[in-house]
Each structure stands twice: as C-alpha cells, then as structure tokens.
Amino acid sequence: MDTIASLFSFITWPVSWVIVQFHKVYGAIFGPDTGWAWGLSIVSLVVLIRICLIPLFVKQIKSTRNMQALQPKMKAIQERYKSDKQRQSEEMMKLYKETGTNPLSSCLPILAQSPFFFALYHVLSNIASGKEIGAMNQALVDSARQAHIFGAPIAAKFMDSPEKVEALNASLTDVRIVTAIMIILMSASQFFTQRQLMMKNVDLSVKTPYMQQQKMLMYIFPVIFAVMGINFPVGVLVYWLTTNVWTMGQQMYVINQNPTPGSKAQDAYLQRLLKSVTHHGEVRGRRRKSVVKVIVAKGSDRNENERRFFGGLAKAGFVAQADGSVIKGDTLPAEAEGAAAKRQQPKRQTKAQRQAAAAQATVSKDAGETSEPAAEKATTSLEKKPQGPAKSDASGADAKGEAQGDKPARPSRANSGGSRQQGKTGQRKGQQRPKHPSSKK
C-alpha cells in the first residue's frame with residue numbers, strides 16, 4: 001500500500017495543504033490537538049473533492065442515460081443472437097462504439113478519487129511515523145499524532161502492533177473496536193448504495209453487460225473494502241466512510257428525481273407526479289413538465305410505467321400535451337372506452353322494425369321527392385291489423401308492389417309460412433304484431 005501511495009506523491013502537497021487550511025478553522029473552534037479538528041478537516045476534504053467531481057458525476061449521469069436509450073437495441077441484439085454469446089458480445093461492443101457509450105462510466109467517480117485517496121493515505125502514514133509531509137511541518141504532525149477519534153488515533157490501523165499503538169498514546173482494544181465498526185459501516189454503505197441502484201433504478205426487463213457489471217460491483221466492492229480496511233489508518237476510514245455516505249445520498253436524490261425508464265423508481269416517481277397533477281390540476285415545475293413532454297413524444301414506445309401513468313391521467317380527466325402540460329378532457333383509457341361503448345349500444349331492433357325501415361328506404365329511393373308521403377302510406381299499411389282469411393294472391397301482389405316496387409316475390413315457401421303465422425294468430429289473444437306487406441295474406 002505504501003508503494004502505491006508513493007506513486008501519487010505528486011498530489012500529496014495539495015491534499016496536505018487543504019487539510020491544514022481546514023484545521024486552522026476547526027482548530028479555532030474545538031482546539032488544535034483534538035480529534036474533532038483533524039477529523040472534520042478530513043471530512044471537509046471529502047466534501048471539497050466531491051464538489052469538484054460534480055461535472056464528472058454529470059457526465060456519468062449522461063452516459064447512464066445513453067445506456068438506457070440503447071436498451072431496446074440491446075434487447076433486439078439479445079433476441080437475435082441468443083444462441084451465439086460471442087456474436088452477441090461483438091454486436092454489443094459495436095453498438096457502444098457507434099453511439100459513443102461507455103458501459104464502465106459508472107466507475108469514473110471512483111477512479112477520479114483514487115489519487116486523493118492514496119495521497120491522504122500517504123499523509124497519514126507519515127503522520128504515524130512522525131515525519132513531515134507536504135504542507136505539514138513537524139508541529140502539525142505532532143498535533144495530528146495526538147488527535148484521537150473516539151479513543152483511536154487518526155494514524156492508527158487495525159493491524160498495528162500494541163507497541164505502535166502505545167506510541168500513539170492509545171490502547172489496542174480501542175483502536176480495533178473503532179476501526180472494526182468503521183470498516184463495517186464503510187462496507188455496509190457501499191453495499192447499500194449498489195443494491196439501491198440495482199433494485200430500484202435498473203430496467204430489469206433487459207439484461208445487459210451494464211447490469212451484470214453493477215451486480216458484480218454490488219458484491220465485490222464491499223468485500224474489497226472490508227479486506228483492505230484493516231490496513232487503512234483511522235483517518236482514511238473516516239475519508240472513505242464520508243465519501244460513501246455522500247455517494248449514497250447523491251444517488252438517492254438522482255433515483256428520486258431522475259429515475260431510469262422502466263425501473264421501480266420510475267414507477268414510484270410517476271405515481272407521485274400523478275397525485276400532484278390530480279391534486280393541483282396542473283404539472284408543477286419545469287423539470288416535471290420536461291418529463292411529461294419526453295413521455296408524450298415517445299408515443300407507442302412508452303414502457304409499462306408510462307402507459308400506467310397516462311391511464312391514471314385519463315381516469316382523472318386529464319390529457320397530456322406535447323409541451324408537458326395537461327388539460328381537462330373526457331378521454332378514457334382504452335379499456336374504459338370499450339366498456340362504455342359496450343354499455344351504450346342501442347337495443348337491437350325487432351324484425352318488424354328492420355323490415356319497416358327497409359321498406360321506407362326503398363320507397364324513398366324510388367319516389368325521390370315524394371318519398372315522405374310514400375313512407376307515411378307504407379307505415380299506415382303496416383299499422384292496419386289483418387283480419388279474417390287471407391286475401392287473394394293478386395291483392396297480396398298489389399300490396400307488395402306498392403311497398404317494394406319491382407322487387408320479385410319470395411318463393412311459395414313464404415305462403416306456407418304465412419299460413420302457419422295466420423294459424424298462430426288465431427290462437428293468440430290481444431293485439432297482434434302487424435305483418436310485413438311482403439307476406440301474402
């Protein structure tokens with residue numbers, strides 16, 4: 001570890017100088033030789049470094065979004081080459097190259113912090129040895145050696161010998177208890193951060209190398225930090241625990257406000273947005289409007305979470321617009337529309353009503369402008385109740401000709417049907433349904 005730290009000795013002086021400046025501020029408040037002064041100086045160093053890395057974090061977010069936009073293409077490649085894993089990997093790499101996407105971009109913040117991490121390790125190692133380092137003179141080194149965090153010197157390690165710990169005016173038990181607790185917290189925060197990313201902010205419908213990478217990091221990083229942590233000074237453990245907590249909070253904010261499409265976090269976000277729109281009657285905030293605008297522009301490519309969101313808007317009586325706003329509307333989701341249409345279907349007409357409508361249409365077509373009187377006449381003839389025996393075939397033909405013009409008569413089968421109908425009519429009581437003019441009496 002000392003050899004690796006020496007490789008970053010070029011950044012040792014800036015790191016030590018920043019620590020000294022923060023120590024001047026906190027030393028005036030808590031005392032120059034206290035663990036609070038030196039511990040808070042290290043915490044402030046972490047905050048400063050993470051603030052400087054915000055542009056890199058933004059780049060990481062953009063690269064992550066590019067990966068999300070490639071999800072449909074990745075899924076298509078997986079389906080096409082599911083039996084050829086080598087060809088599948090080649091096509092994935094080709095897609096990354098064409099779109100300029102780096103699946104390892106999530107590691108950039110960690111890689112960028114590495115020089116500062118090892119530089120701090122180098123500074124604390126020299127403090128433990130009582131040597132001047134960077135911007136820290138001998139007086140500051142002696143002050144740092146006397147600083148204890150919960151009874152453990154900031155330069156002590158879990159694996160230090162009892163003699164070395166006694167030289168720092170501390171007990172081995174205190175050092176190992178403090179360092180063990182900090183190692184556990186450091187590993188747990190690392191695991192929780194990666195698990196939060198995998199469980200809430202990943203589209204699980206598509207399995208990609210990016211997803212496999214995140215799953216691997218979720219288990220490997222905590223183990224690496226637990227193993228390496230026993231060789232870290234207390235000050236380095238403070239540094240790494242602080243940066244893990246910062247990363248966890250930063251990621252929680254991103255997941256809450258800018259979730260990955262298709263993930264559980266997006267579903268939760270859209271449900272919160274739906275409640276806000278339903279309560280206020282509008283989309284509040286420029287960022288929320290931009291989210292709705294993007295979803296509207298997707299059209300048929302919306303995922304299940306986005307379709308559920310639009311269905312909720314429709315049920316609440318809102319319609320999303322292309323600019324990200326919403327307006328009141330009567331649009332219902334497809335399922336509701338189908339059910340409503342089914343419920344509102346008119347009752348089916350009887351046979352007599354359909355025949356009367358057909359006769360009226362025929363008369364209107366033949367008579368032209370005189371269609372209205374002809375229709376009234378046809379209706380009047382239908383309202384007359386047939387009495388007594390059936391008339392001659394000639395009179396039936398005349399009535400048929402009056403109602404339907406030159407339409408040929410039905411076969412003799414209709415006559416037998418008319419006879420059966422007449423027999424039934426004689427047996428019925430009360431007012432009978434009028435017969436169609438085309439039937440023979």
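Hydrogens, waters and symmetry mates play no part in the numbers below; they use all other heavy atoms, side chains included.
A side-chain donor-acceptor contact under 3.5 Å links Arg307 to the backbone of Arg302. The main-chain N or O of Gly130 is found under 3.5 Å from a side-chain atom of Gln138 such that the two form a donor-acceptor pair. A donor-acceptor pair under 3.5 Å is absent between the side-chain atoms of Gln21 and the main chain of Val18, judged by distance alone. The main-chain N or O of Thr193 is found under 3.5 Å from a side-chain atom of Gln251 such that the two form a donor-acceptor pair. The closest donor-acceptor contact from the side chain of Ser89 to the backbone of Lys85 lies under 3.5 Å. A distance-only check finds no donor-acceptor pair linking the side chain of Ser187 to the backbone of Ile184 [under 3.5 Å]. Formation of a donor-acceptor pair under 3.5 Å by the His23 side chain with backbone atoms of Pro32 is found in this model. Gln321 places a side-chain N or O within 3.5 Å of a backbone atom of Val319 that can act as its donor or acceptor partner.
The heavy-atom pair separating Ala320 from Val326 by the smallest distance is CA-CG1, 4.0 Å. What you find for Val20 and Leu140 is that their closest heavy atoms are CG2-CD1, 3.8 Å. Nearest heavy atoms, Val234 versus Ala152: CG2-CB, 4.1 Å. Here the closest non-hydrogen pair linking Ala170 and Gly151 is CB-O, 3.9 Å. Considering all non-hydrogen atoms of both residues, Val123 and Ser16 come closest at CG2-CB, 4.2 Å. Scanning both residues, Pro162 and Leu172, for their nearest heavy atoms gives CG-CD2, 3.8 Å.
Using a 4.5 Å heavy-atom threshold, the side chains of Phe22 and Leu40 count as separate. Contact of the Val291 side chain with the Tyr269 side chain is registered, since non-hydrogen atoms from C-beta on lie closer than 4.5 Å. Side-chain contact between Ile295 and Phe310 is present, with heavy atoms from C-beta onward closer than 4.5 Å. Residues Pro153 and Val175 form a side-chain contact, since some pair of their non-hydrogen atoms from C-beta on lies under 4.5 Å apart. Taking the side chain as every heavy atom from C-beta outward, Leu273 and Val292 approach each other to under 4.5 Å. Counting only heavy atoms from C-beta outward, the side chains of Asn137 and Val141 never approach each other to under 4.5 Å. Looking only at side-chain heavy atoms (C-beta outward), Ile11 and Pro115 come within less than 4.5 Å of each other. Counting heavy atoms from C-beta outward, Glu132 and Met136 have side chains that stay 4.5 Å or more apart.
Under a cutoff of 6.0 Å and an axis angle of 45°, Lys157 and Phe232 do not form a cation-pi pair.
Take Lys293 and apply the side-chain contact (heavy atoms from CB on, under 4.5 Å) test, not counting sequence neighbours, and it matches no residue. Legend: residues meeting side chain to side chain donor-acceptor pair (under 3.5 Å) with Ser276, ordered by chain and number and at least two apart, are Arg288. Scanning for side chain to side chain donor-acceptor pair (under 3.5 Å) contacts around Gln146 gives Asn169, with sequence neighbours left out. With sequence neighbours left out, the side chain to side chain donor-acceptor pair (under 3.5 Å) criterion links Ser44 to Tyr26. In this view, Leu95 and Leu70, Lys73, Met74, Ile77, Thr99 satisfy the side-chain contact (heavy atoms from CB on, under 4.5 Å) rule, not counting sequence neighbours. Applying the side chain to side chain donor-acceptor pair (under 3.5 Å) test to Ser143 and every residue at least two apart in sequence or in another chain returns Asp33, Trp38. With sequence neighbours left out, Arg87 forms a salt bridge (Lys or Arg N to Asp or Glu O under 4.0 Å) with Glu91. Annotation: side-chain contact (heavy atoms from CB on, under 4.5 Å) contacts of Arg308 (sequence neighbours excluded): Asp267, Gln271, Glu304, Asn305. The side-chain contact (heavy atoms from CB on, under 4.5 Å) check on Asp174 picks up Ser171, with sequence neighbours excluded.
The line from CG of Leu237 to CE of Met186 is 5.5 Å long, rounded to the nearest 0.5 Å. If you take CG on Asp160 and CD on Glu166, they are separated by 12.0 Å, rounding to the nearest 0.5 Å. Atom-to-atom distance recorded for Tyr81:OH and Gln86:CD is 12.5 Å, nearest 0.5 angstrom. Note that NZ of Lys94 and NZ of Lys97 are 10.0 Å apart. Values are rounded to the nearest 0.5 Å. Atom CE of Met159 is separated from atom CD1 of Ile230 by 5.0 Å, given to the nearest 0.5 angstrom. Atoms CZ and CZ, on Phe221 and Phe191 in that order, are 14.0 Å from each other to the nearest 0.5 Å.
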Inset, instruction - With side chain to side chain contact (heavy atoms under 4.5 Å, CB included) as the test, would you mind laying out the steps for Leu185 and Ile181 before giving the verdict? - result: CA-CA 6 Å; Leu185 292 176; Ile181 292 174; 4.0 Å; yes
Inset, instruction - Report the C-alpha distance between Ser161 and Lys164 in whole Å, list the side-chain angles of each, state the deciding distance to 0.1 Å, and finish with yes or no for side chain to side chain contact (heavy atoms under 4.5 Å, CB included). - result: CA-CA 5 Å; Ser161 62; Lys164 191 172 183 179; 3.6 Å; yes
Inset, instruction - Determine, stepwise, if the pair Val277 / Leu313 fulfils side chain to side chain contact (heavy atoms under 4.5 Å, CB included). - result: CA-CA 8 Å; Val277 172; Leu313 285 178; 3.8 Å; yes
Legend entry - Trace of the side chain to side chain contact (heavy atoms under 4.5 Å, CB included) decision for Met182 with Val238: CA-CA 8 Å; Met182 296 184 73; Val238 170; 3.3 Å; yes
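With no hydrogens or angles considered, no side-chain donor-acceptor pair links Asp84 and Gln88 at under 3.5 Å. Residues Thr242 and Arg50 have side chains that never bring a donor and an acceptor to within less than 3.5 angstrom of each other.
Within a 6.0 Å radius of CE in Met252, other residues, nucleotides and ligands contribute 12 heavy atoms or fewer. Atom NZ of Lys298 has more than 12 neighbouring heavy atoms from other residues, nucleotides or ligands inside a 6.0 Å radius. Counting heavy-atom neighbours within 6.0 Å of His280 NE2, excluding the residue itself, gives a total above 12.
Evaluation of the salt bridge (Lys or Arg N to Asp or Glu O under 4.0 Å) test over residues 275-287, restricted to residues two or more places apart or in two chains, returns Glu282-Arg284. Sorted by first and then second residue, the ring pair (Phe, Tyr, Trp, His ring centres under 6.0 Å) pairs with a member in residues 235-260 read Phe117-Trp240, Phe225-Trp240; sequence neighbours excluded.
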